[in-house]
Structures are given as C-alpha cells and as structure tokens.
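Order of listing sets the numbers, starting from 1, for every ligand and every atom in it. Here the structure is a predicted model, which is why all the values come from computation and not from measurement. By convention here, the first residue in the shown sequence is residue 1.
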Amino acid sequence: MGEVDPAFIQDPEHRPKLCFSEAEGIPMIDLYPSREKDPSALDRLVKEVGSACKEWGFFQVINHGVPLDHRHKVEAAAREFFGESKEEKNKVRRDAVKVLGYYDTEHTKNVRDWKEVFDFSVEEPTLVPASLDPHNQDVTHWHNQWPHYPPYLREVCQEYAKDMVKLALELMELIALSLGLHQKRFHEFFKDQTSFIRLNHYPPCPSPQLALGVGRHKDSGVLTILAQDDVGGLEVKRKSDGEWVRVRPTPNAYIINVGDTIQVWSNEAYESVEHRVMVNSEKERFSIPFFLNPSHYTMVEPLEELVNENYPAKYKPYNWGKFLVTRKRSNFMKLDVENIQIYHFKV
Ligand code: OGA
Ligand code: NI
C-alpha cells in the first residue's frame, strides 16, 4: 500500500507530530497494597489513585494480579487471528445486527481509523435495549461471533475477560474509596454488565503523519484497562497544558483511564481525558482494551452522595443501554451527524 485513501486523512489540526514527547509523570501505581491487610498502605494507595484520576485521568498499574500467561495467550491469539486472510476474518464480520466480531472500517469523528479490530463481550449473551425509543422497554441480546481460527482464541479470551472484570472491580473499589464512598458502591452497576474487549491491530501505515490508528476521542464507559505491546503509539492529551504526550510502554503493566461514566458519577471530580493512537511506517502494533460498562438499565447520573446544595448535579440522568446502542449504531453507519456525547446531558 503506497498511498493512503483520503478517508483516513485527518484534518491538518488533528494530524500527529512525528516528533513526540514521551509523557513524564503519568502515574505508575503499584497495586500490591490493595491485597494486603495493612490499612495505612491501602490508604496511601487510595490517595495515589485519587490524585491520578484527578490530575491525569490516566495511570498505569503494576502488581495488578492478572496472570501473565493469560495475557500472552490472548496476544498470541490476536496475532494469529489478524494474520488470517480477509476472507476468513470476514466470516465473523460485524454488521448492523451483529455488532460484535471483526471490523476494519471503524471511523472516529468521521475519519477512518488505520486499524482492524475484533470485539467480544464479557457477558454471553449481553442484554441491551431492543429499541432506541425511550418508551420502549424491550430487551435484546448481543452474541459473540467466535472465529474458527485460531481454535483456542475463544477459550483464552473468555479466561482473560474474567481477569479483566476482577481487576476492574478492584480498581472501582479503590476509586470509590478515593471519592469518600463505600468500597462496594459501584458493584451494583455491573451485575448485567455490557463490558467488552477489543483486540486491536494497527498495521504499518505509509503516511503516519496524515492518519491515526484511532482518532482523538474519550472512552464513554466507566473505565478502560489497556494492554499495549512494546511498539508504543498511544497519546494522551495532558490536562495541565493540553499537549499530546505519548504513554511509554511498560512491559506487563496496564494503562487505566477514566471514562465518561465516571465523570458523570463523580459529578466531574474525575474527568475523562482525550487520547488517540499514532501509527508508524515500519511496525505493526497490537493492543487490547477492556471497556468496563454498566448494565443496560443503569441510569447514569451524579451519585447522590456527591451532590448537595454547593455541588448541584451537573448532568441529567441518561439510560446507559440506549446511549451505548446509539453509539454503536452511529459508528457503524458513519452518520454525518455528531455522535451522542455526555455533554448532551449537561444541566
Ligand atoms: C480505544 C483506544 C488505545 C490503543 O480503543 O479506545 O483508545 O492504544 N485504544 O489501542
Ligand atoms: Ni480509547
């Protein structure tokens, strides 16, 4: 591929700089104390998580408890799957009805992303609203589409999904404590969670100065847990000065970022942060984000404990399932209207 299709080309103001600065100071947090009985160590950890959420919206974790061999198996399966022919991958292709599976024409803000993905949900099946009509309460199901090759992909992905849910709930306990909430405050939202995992493959790109692997965006769910390989390319818009800075890969660590849903729940104590993915002309890159999402029937709104006369709610309640389905649909159809965003629910 010598030339880049115009669909991939970013407007000049959104094109990446090929010479980038690596982020100094994205917090690296050791989760070891969360499994220990030492209350003062746990207290320090909670403070670290709280200030990382506040100052950055992004942090990395080590000693996270996810077995390394589970991660390696999913990484190997992803590499094998994306190495299959287009014909084979298209057998599990996503369409307007089957929203999970393989996809290579995703757009972010109406510019095509230089990537291919494979999505699968954590709950099988995942319950979601059948209709976007606010008065229609019917529920439908999302089903995973598992490829035949490689045959072990399904099992390792399902095993890894359990690891992700466990880590995510642990992180949500720390975040709850950091907001002065009961440790298990968030658990109720994840009973019929709509969380999903995405295997990302970013092939080498002949014009990395014009296109992006993923255009600038915020994650709309609760929390994202990202495994990136050693190539690097994830850039975060630093809150302190608005500069794009790159997250340096740390072997076996996970990158955590706050999504829009936490921004609303916390009444903006914690804000989700814009990020994007640069591609490069030599190396392909793989990454695996886990998107923690609540149940479809969750009404997302600022938590009552965090709202009072001095801090009135900054958002009106919205139904997570309808929001999610609207997003999926408009991403699929590449509508020329702006995607639904949380600021549409700002008071
Ligand atoms: C995403 C995302 C980052 C990456 O898929 O939402 O931000 O490094 N991915 O792949
Ligand atoms: Ni993202």
If you count the atoms of ligand 1 from 1 in the order shown, which ones are under 4.0 Å from a heavy atom of His275? 7 (O)
Just to be sure I read this right, does ligand 1 sit under 4.0 Å from the backbone of Gln228, its side chain, both, or neither, counting only heavy atoms? neither
Per-atom filter on ligand 1: closer than 4.0 angstrom to a heavy atom of Phe291 are 1 (C), 5 (O), 6 (O)
Please write down residue, atom name and distance for the protein heavy atom closest to atom 3 (C) of ligand 1. Val277 CG2, 3.5 Å
Could you tell me which atoms of ligand 1, counted from 1 in the order shown, lie closer than 4.0 angstrom to a heavy atom of Ser287? 4 (C), 8 (O), 10 (O)
Angle subtended at the Ni ion (ligand 2) by Asp219 OD1 and His217 NE2, rounded to 10 degrees: 90°
Would you call Asp133 and Lys322 a salt bridge, using N to O less than 4.0 angstrom? no
Which of the atoms of ligand 1 are close to Asp219, meaning less than 4.0 Å from one of its heavy atoms? 6 (O)
Cationic N near anionic O, under 4.0 Å, Glu271 to Lys218: no
Taking only Lys NZ, Arg NE, NH1 and NH2, and the carboxylate oxygens of Asp or Glu, determine whether Glu173 and Arg185 approach each other closer than 4.0 Å. no
From the list Lys89, Arg94, Arg93, salt bridge (charged side-chain N to carboxylate O under 4.0 Å, His left out) partner of Asp104 resolves to Arg93
Please determine whether a side-chain nitrogen of the Lys or Arg among Arg198 and Glu106 lies less than 4.0 Å from a carboxylate oxygen of the Asp or Glu. yes
Taking only non-hydrogen atoms of Asn200 and a 4.0 Å limit, the atoms of ligand 1 in range are 5 (O), 10 (O)
The option among His217, Arg198, Arg285 carrying the non-hydrogen atom nearest to atom 1 (C) of ligand 1 is His217
Mark up the atoms of ligand 1 that fall under 4.0 Å of a heavy atom belonging to Tyr202, in ascending order. 4 (C), 9 (N), 10 (O)
Salt bridge Arg71-Asp163, side-chain N to carboxylate O under 4.0 Å: no
Minimal non-hydrogen separation, Ile62 against Ala253, with atom names: CG2-CB, 3.9 Å
